[in-house]
Amino acid sequence: KISPGQSKDEVLSILGPPGNRQFQGKDEAWQWCSTGMSTDDFLIVWFYDSQVTGITTYKNSQGFGSCDQFYRTVRWEDAPDRRIEIRKR
């Protein structure tokens, strides 16, 4: 349901508010989690200049409690590549 180029508002309407939000300049990473029986599933939606550039998923099977306690610190070098076009007019 999430596609490159979507706005933050579109993502919010699909996934609801993120459980974790980190940013660096024009880059942002929003995270959500879902608690399972033996693992927690995590989703990161990456934004650049308020538009989706990609998604990443990961799992956690360590520890007990709410998955909110296990959000990763974003590694910005893992962010999807973004293309910037420069056009002469």
Side-chain angles (χ1 to χ4, degrees):
K1 295 181 182 182
I2 304 300
S3 301
Q6 286 181 314
S7 70
K8 292 179 187 179
D9 287 338
E10 289 174 301
V11 173
L12 282 171
S13 71
I14 295 167
L15 297 174
N20 179 275
R21 180 178 161 249
Q22 299 174 46
F23 61 92
Q24 177 176 298
K26 289 185 174 187
D27 288 300
E28 276 191 67
W30 291 5
Q31 297 188 64
W32 289 264
C33 68
S34 175
T35 302
M37 291 297 286
S38 60
T39 62
D40 299 327
D41 295 311
F42 294 83
L43 171 70
I44 302 174
V45 177
W46 301 89
F47 296 91
Y48 178 74
D49 203 16
S50 298
Q51 292 187 320
V52 173
T53 58
I55 61 172
T56 304
T57 60
Y58 64 95
K59 293 183 179 289
N60 175 48
S61 58
Q62 312 254 328
F64 295 97
S66 170
C67 63
D68 292 347
Q69 300 168 343
F70 300 104
Y71 286 113
R72 289 184 182 170
T73 299
V74 169
R75 292 172 28 111
W76 295 105
E77 59 271 18
D78 294 340
D81 290 334
R82 57 182 183 264
R83 181 175 25 184
I84 299 173
E85 294 182 13
I86 300 173
R87 298 180 185 187
K88 292 185 179 183
R89 294 185 185 245

Atom NZ in K26, atom OH in Y48: separation rounded to 0.5 Å?
5.0 Å
One should read off an interatomic distance between S50 OG and D9 CG, to the nearest 0.5 angstrom, of 9.0 Å
Find the distance between OG (S34) and NZ (K59) and round it off to the nearest 0.5 Å.
9.0 Å
CD-CG distance between E28 and D49, expressed to the nearest 0.5 angstrom
10.0 Å
Less than 4.5 Å apart, side chain to side chain, heavy atoms only: is that true for I44 and F42?
no
Say whether, by atom type as modelled, one donor and one acceptor occur between the side chain of W32 and the main chain of D41 under 3.5 angstrom.
no
Would you say Q6 and V45 make side-chain contact, with heavy atoms under 4.5 Å?
no
Both conditions, 6.0 Å and 45 degrees, for the charged tip of R72 above the ring of Y58: are they met here?
yes
State, with a plain yes or no, whether a side-chain heavy atom of C33 is found less than 4.5 Å away from one of D68.
yes
As an exercise, state the distance from CD of Q51 to CD of E10, rounded to the nearest 0.5 Å.
9.0 Å
Quick check: is I2 connected to F47 through a chain of hydrophobic side chains (ILVMFWY, heavy atoms under 4.5 Å apart)?
yes
Side-chain contact test, heavy atoms from C-beta onward, threshold under 4.5 Å: evaluate it for P18 versus L12 and give yes or no.
yes
Are V74 and D27 close enough that some pair of their side-chain heavy atoms sits under 4.5 Å apart?
no
Of all the heavy-atom pairs spanning Y71 and G19, show the shortest one and how long it is.
OH-CA, 3.3 Å
Spacing of CD belonging to Q22 relative to CH2 belonging to W46, to within rounding of 0.5 Å
8.5 Å
